[in-house]
Amino acid sequence: MNTWNDTNLSFFILTGLTDSGEVQLALSLLFLLIYLISELGNLGMILIIWLDHQLHTPMYFFLSQLSFLDLCYSNVITPKTLVNLLTSSKSISYLGCFTQLYVFILLSATECFLLSSMAYDRYIAICNPLHYPVIMSPRLCRVLLTGSYMVGFLDSFVSNLCMSRLHFCNSNIIHHFFCDTSPIVILSCNDTYFIEMMIMFLAGSTVLISLIIICVSYVCILFTIMKISSTSGKQKAFSTCASHLLGVTIFYATVIFTYLKPKKSYSLGKDQVASVFYTIVIPMLNPLIYSLRNKEVKNAFIRVMQKRGGFRQIK
C-alpha cells in the first residue's frame, strides 16, 4: 500500500472482457438483460414469499435469503461492468476495488453456508418429518442464517486483510472485469506465497465444510427415499430437493473451477468466462430454477395476483 502512496496512484484499471467495440456493445445489452431479469426475478421471489403466508416455512425462509444474496451479487458486480463496457473510463478507485472484493467474498462465503442450511432443512423434512416443525424452529433458522453471515464476514475480513498487505509497484492494470483475488495477486511485486495460501485455505475450508454438510444431508435423503415403497412417494420426496440440488451443482462446480487452484494456473480467458457465469448469470438462474420447477411458488404467485385483483381466473 505504501508503494501506491509513493507513486501517487490510487486506482486500478479494469481491462474488461474485450477490446472490440462491437463485442462490448453486444455484451452490454446481454448483461443488461440478464441484470434486469435477475433483479425482477429475485425481488419477485422475495415479495411472493413475504406476501403469501403459506410460504412462511423454513424452506422458503432460506430461499428468500438466497434471493436477497443474489440480488446483492447483481448490484455489486454488474453495474460497474456495464459502465466499463459502455464508457471509455475503466478505472476503479483503490478503496472501491477492495470494497467490491470484500462484499463479493462476503456474499460468496455466506451463500455456501446458506446452501448447506437449505440442505439440512431438506434432510430434516424428509428423514425426520414428524419432528420437522420442532427442529426447524424460527429460532434455529435465524441461528443458521446468522452463522452463515458470520462465516462470510470472517472469511471476507481475513482475505481483505491479507490482500491489503500486497505492494503493487509494476502495474495497476487488472486483467478482469471486476476486482477478484487472483487478478489482483498477480499484480503484486512482493512474495505472495503466504497470502495466497491463506486465501486458498479460507476459500477451500469454506467450500469443503459446506459441501460436506450438503453431501451428508443428501446421502441420508437418498437412503430415506430408497426406503419409500411407492413410486409416487419417491417422486414427491425427490421433487422437494431437485431444485436445490440443481442450484447447488451449478454453484459449486463454477466456484471450484474458478477459485480452488493456485495463482499460477490462472487463465485469463477461461476464468473470465467462468466468472461471468458465476457473478452475472447464476443470480438470474436461481429464481428461475426455484420457481419454474416449484408448484408451490407458482400457486403462491397465482394467489397473490388474485388477492391484488391482477387476475380473475387463472387455470
Side-chain angles (χ1 to χ4, degrees), residues 45-46 48-50 52-70 108-152 204-256 282 285-301:
M45 183 70 73
I46 293 171
I48 289 172
I49 294 172
W50 180 57
D52 191 86
H53 293 286
Q54 293 187 31
L55 297 185
H56 290 183
T57 62
M59 173 182 172
Y60 291 103
F61 168 77
F62 290 123
L63 183 54
S64 66
Q65 297 301 320
L66 180 64
S67 293
F68 174 74
L69 286 178
D70 287 336
S108 301
T110 301
E111 184 161 343
C112 285
F113 282 93
L114 183 62
L115 290 172
S116 64
S117 299
M118 294 173 72
Y120 177 73
D121 170 73
R122 291 299 84 206
Y123 158 72
I124 299 297
I126 294 174
C127 300
N128 201 356
L130 296 178
H131 296 90
Y132 178 73
V134 177
I135 297 175
M136 295 304 298
S137 63
R139 182 178 179 275
L140 179 60
C141 292
R142 290 192 294 268
V143 168
L144 291 173
L145 178 64
T146 303
S148 299
Y149 274 101
M150 287 180 65
V151 172
S205 58
T206 298
V207 171
L208 184 61
I209 293 171
S210 60
L211 197 55
I212 287 174
I213 295 172
I214 293 171
C215 290
V216 171
S217 298
Y218 273 105
V219 167
C220 295
I221 288 171
L222 181 61
F223 280 117
T224 302
I225 292 176
M226 290 174 63
K227 294 177 183 178
I228 300 174
S229 56
S230 65
T231 304
S232 60
K234 290 181 179 179
Q235 291 177 345
K236 183 179 180 181
F238 183 75
S239 65
T240 63
C241 307
S243 297
H244 179 255
L245 193 57
L246 178 60
V248 164
T249 302
I250 295 173
F251 178 82
Y252 277 95
T254 314
V255 168
I256 291 171
I282 286 182
L285 289 180
N286 277 338
L288 298 178
I289 291 172
Y290 287 100
S291 61
L292 295 179
R293 296 180 57 87
N294 194 317
K295 290 183 179 180
E296 290 183 350
V297 174
K298 293 178 184 178
N299 292 334
F301 174 75

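Worth saying up front: this structure is predicted, and the values here are computed from it rather than measured. Just so you know, these numbers use all the heavy atoms, side chains as well, and skip hydrogens, waters and symmetry mates.
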Please set out all donor-acceptor pairs under 3.5 angstrom arising from side-chain atoms of residues 112-129, sequence neighbours excluded.
unit_1: Ser116; atom_1: OG; unit_2: Phe113; atom_2: O; d: 2.7
unit_1: Ser117; atom_1: OG; unit_2: Phe113; atom_2: O; d: 2.9
unit_1: Asp121; atom_1: OD1; unit_2: Tyr132; atom_2: OH; d: 2.6
unit_1: Asn128; atom_1: OD1; unit_2: His131; atom_2: ND1; d: 3.1

Do any side-chain atoms of residues 133-147 form donor-acceptor pairs under 3.5 angstrom with protein atoms, and if so which ones, sequence neighbours left out?
unit_1: Ser137; atom_1: OG; unit_2: Leu140; atom_2: N; d: 3.3
unit_1: Thr146; atom_1: OG1; unit_2: Arg142; atom_2: O; d: 2.8

Side-chain donor-acceptor pairs of residues 216-223 under 3.5 Å, sequence neighbours excluded:
unit_1: Ser217; atom_1: OG; unit_2: Ile213; atom_2: O; d: 2.8
unit_1: Tyr218; atom_1: OH; unit_2: His244; atom_2: ND1; d: 2.6

Indicate every side-chain donor-acceptor pair of residues 53-61 with a distance under 3.5 Å to a residue at least two apart or in another chain.
unit_1: His56; atom_1: NE2; unit_2: Ile49; atom_2: O; d: 3.0
unit_1: His56; atom_1: NE2; unit_2: Trp50; atom_2: O; d: 3.1
unit_1: Tyr60; atom_1: OH; unit_2: Asn294; atom_2: OD1; d: 3.1
unit_1: Tyr60; atom_1: OH; unit_2: Asn294; atom_2: ND2; d: 3.1
unit_1: Tyr60; atom_1: OH; unit_2: Glu296; atom_2: OE1; d: 2.5

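Contact of the Ile250 side chain with the Ile289 side chain is registered, since non-hydrogen atoms from C-beta on lie closer than 4.5 Å. The shortest side-chain heavy-atom distance between Ile256 and Leu211 falls under the 4.5 Å cut-off. A heavy-atom distance below 4.5 Å is found between the side chains of Glu111 and Asn286.
Ser210 meets the side-chain hydrogen bond (donor to acceptor under 3.5 Å, both in side chains) test with Tyr252; sequence neighbours excluded. Applying the side-chain hydrogen bond (donor to acceptor under 3.5 Å, both in side chains) criterion to Tyr149, with sequence neighbours excluded, gives no partner residue. Gln235 pairs by the side-chain hydrogen bond (donor to acceptor under 3.5 Å, both in side chains) definition with nothing, not counting sequence neighbours. Residues that satisfy the side-chain hydrogen bond (donor to acceptor under 3.5 Å, both in side chains) test with Asn299, not counting sequence neighbours, are absent from this structure.
Minimum interatomic distance between Ile48 and Ala300 (heavy atoms only, all atoms of both residues): CG2-CB, 3.8 Å. The two residues Met45 and Ser67 come nearest to each other via the heavy atoms CG-OG, 3.2 Å. The two atoms that bring Tyr290 and Leu63 nearest to each other are CG-CD1, 3.4 Å, heavy atoms only.
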